[in-house]
Amino acid sequence: MMALVDCNNFYASCERVFDPLLEGQPIVVLSNNDGCVIARSQEAKDLGIKMGTPAFEIRELIEQQGVQVFSSNYTLYGDMSARVMETLRQFSPHVEVYSIDEAFLDADGLPGGSEPDALLRWGQELRATVRRHVGIPVGVGIGPTKALAKVANHIAKKHPQHKKVGVFVLDGHKREEILQNFPIGDVWGIGRKHAERLMQQGASTALAFTQLPESWVKQHMSVVGQRLQRELRGQSCLSLELVAQAKQNICTSRSFPDMLEDVELIREAVSTHASRCAFKLRREGSCAGALTVFVHTNRFKENEPQYANAQTLLLPQASADSRVLVRAALRGLDMIYKKGYRYKKAGVIVSKIVPRLQVQQDLFASSEENSRLMKVMDSLNSRYGQEKVRVASLGYAKDWRLRREKLSPCYTTSLAEVLLVRG
DNA sequence: TCTGGGGTCCTAGGACCC
DNA sequence: TCTGGGGTCCTAGGACCC
């Protein structure tokens with residue numbers, strides 16, 4: 001058996017942990033530059049606020065209903081996530097961190113046994129402990145496969161009868177009955193396109209999907225659909241991934257709060273994105289063999305001239321050195337930047353990623369690599385703050401940096417911002 | 001006025017090899 | 001008119017996830 005633990009309304013719940021007055025209030029958390037709604041408390045969902053809605057479209061509703069608004073604070077959410085995951089490790093020796101707010105746990109061989117009742121108690125204990133230790137409410141779904149654990153989790157969070165308990169165990173006997181009432185569009189791995197297609201085929205429930213001929217599923221949904229079909233039938237095809245794999249691509253990109261024409265500012269932004277990609281590579285112990293830089297104008301401004309382009313450069317030798325990647329990114333930018341457009345977004349993607357210790361040396365390249373310098377830089381920055389020591393071209397201009405007007409403090413990661421309790 | 005930022009996997013088809 | 005058989009590698013594009 002496998003358990004899926006999923007934090008409820010994670011970002012909104014993180015904000016709530018540090019301000020009890022927010023209990024019972026509608027909360028939304030906005031994307032970078034305070035653009036779109038990316039998280040909502042239950043109360044905000046009940047007001048009909050949809051995921052991805054631009055903030056300006058619901059300005060009135062926010063005022064009328066007293067919705068509490070936050071800029072996203074990934075430093076806070078990342079740290080809270082780590083605390084949740086740490087707590088989960090007390091409940092199972094095998095934990096796969098699936099996303100910032102979700103984890104799969106091996107629920108076999110638990111001390112209490114694998115009977116449905118025992119699993120239910122285990123789930124409740126887990127849920128209460130996370131709540132007590134970290135302050136975050138979670139839902140727990142338990143089933144024979146990952147896909148069925150996802151179904152169970154959905155029921156634990158949405159079903160009126162099970163919501164209060166917050167834990168649902170989907171054991172073999174109940175499988176068909178539950179899948180019969182489970183809409184196909186809510187199934188993990190079925191997106192909008194496949195949901196439409198399946199409805200046309202008459203498969204509007206998860207159960208009906210499991211009953212379609214495998215050949216049809218293979219033809220229209222590839223082996224991915226086939227695996228999902230088997231998972232829902234109770235045959236495990238997706239195992240726990242206990243060790244996070246090194247990434248194959250790493251991307252750092254941002255929209256600008258306002259549109260930008262000045263190439264110097266865009267160069268600062270691109271330098272910063274490249275340098276952050278380099279940092280992410282070093283943190284993983286990887287190097288990148290190629291780098292792509294891209295820019296585009298604002299696609300929502302239909303009456304303005306539009307331009308989008310990207311340039312990929314192969315590096316002579318795979319690298320995670322900020323200076324090397326920044327230089328490559330600026331060279332790429334020079335190749336695609338066109339004067340006269342107002343740019344909205346720029347980004348850098350690194351690819352052809354290899355482990356640091358497997359980098360193919362270049363016989364003819366003069367090695368500019370100096371990993372010791374990068375190590376010193378990283379340790380200084382971890383002590384004194386992000387980018388205190390940096391490549392000069394990252395600059396200091398404020399114009400292109402994020403707009404975050406409703407940012408909460410970094411309660412758990414910055415001594416200066418620790419919550420003050422008055423006696 | 002204002003519209004996010006990351007990722008993965010799979011397949012088909014082209015270019016190439018012997 | 002007829003035109004082999006077996007591979008690999010790479011990329012773009014689609015679909016999905018959080």
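Predicted model, so just to flag it, every value in this text is computed and none were measured. Just so it is clear: chains get the letters A, B, ... in the order the sequence lines come, proteins before strands, and each one is counted from 1. The figures that follow rest on heavy atoms only: side chains count, while hydrogens, waters and symmetry mates do not.
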Let me check something: any side-chain donor-acceptor pairs from residues 241-266 of chain A under 3.5 Å, sequence neighbours excluded? List them with distances.
| from | atom 1 | to | atom 2 | distance (Å) |
| --- | --- | --- | --- | --- |
| A:Q245 | NE2 | A:V243 | O | 3.4 |
| A:T252 | OG1 | A:K280 | NZ | 3.1 |
| A:D262 | OD1 | A:E264 | N | 2.9 |

Which pairs of donor and acceptor atoms, one on a side chain in residues 185-196 of chain A, lie under 3.5 Å apart (sequence neighbours left out)?
| from | atom 1 | to | atom 2 | distance (Å) |
| --- | --- | --- | --- | --- |
| A:W188 | NE1 | A:Y98 | OH | 3.3 |

Under 3.5 Å, which donor-acceptor pairs do the side chains of residues 49-64 of chain A form with other protein atoms, sequence neighbours left out?
| from | atom 1 | to | atom 2 | distance (Å) |
| --- | --- | --- | --- | --- |
| A:T53 | OG1 | A:K50 | O | 2.6 |

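Between A:D6 and A:K157 there is a salt bridge, since at least one side-chain N of the basic residue sits less than 4.0 Å from a carboxylate O of the acidic one.
The P atoms of C:dC18 and B:dT3 are separated by 26 Å, rounded to the nearest whole Å.
Helical stems in DNA chain C, defined as runs of 3 or more consecutive Watson-Crick or G-U wobble pairs with both donor-acceptor distances under 3.5 Å, are listed by first residue as B:5-18 with C:5-18.
In terms of modelled atom types and a separation under 3.5 Å, the side chain of A:T292 and the main chain of A:T312 share no donor-acceptor contact. When atom types are taken as modelled, the side chain of A:S286 and the backbone of A:L281 share no donor-acceptor pair closer than 3.5 angstrom.
Within the 4.0 angstrom heavy-atom criterion, only backbone atoms of the sugar-phosphate kind lie near A:R192; the bases stay farther away. Counting non-hydrogen atoms under 4.0 angstrom, A:I250 reaches the backbone sugars and phosphates but no base. Contacts of A:D101 with the nucleic acid, taken as non-hydrogen atoms under 4.0 Å apart, involve only primed sugar atoms and P, OP1 or OP2.
Taking 4.0 Å as the cutoff to heavy atoms of chain A, we find the contact window on DNA chain C bounded by C:dA15 to C:dC18.
In this structure A:H133 satisfies the ring pair (Phe, Tyr, Trp, His ring centres under 6.0 Å) test with no other residue, sequence neighbours excluded.
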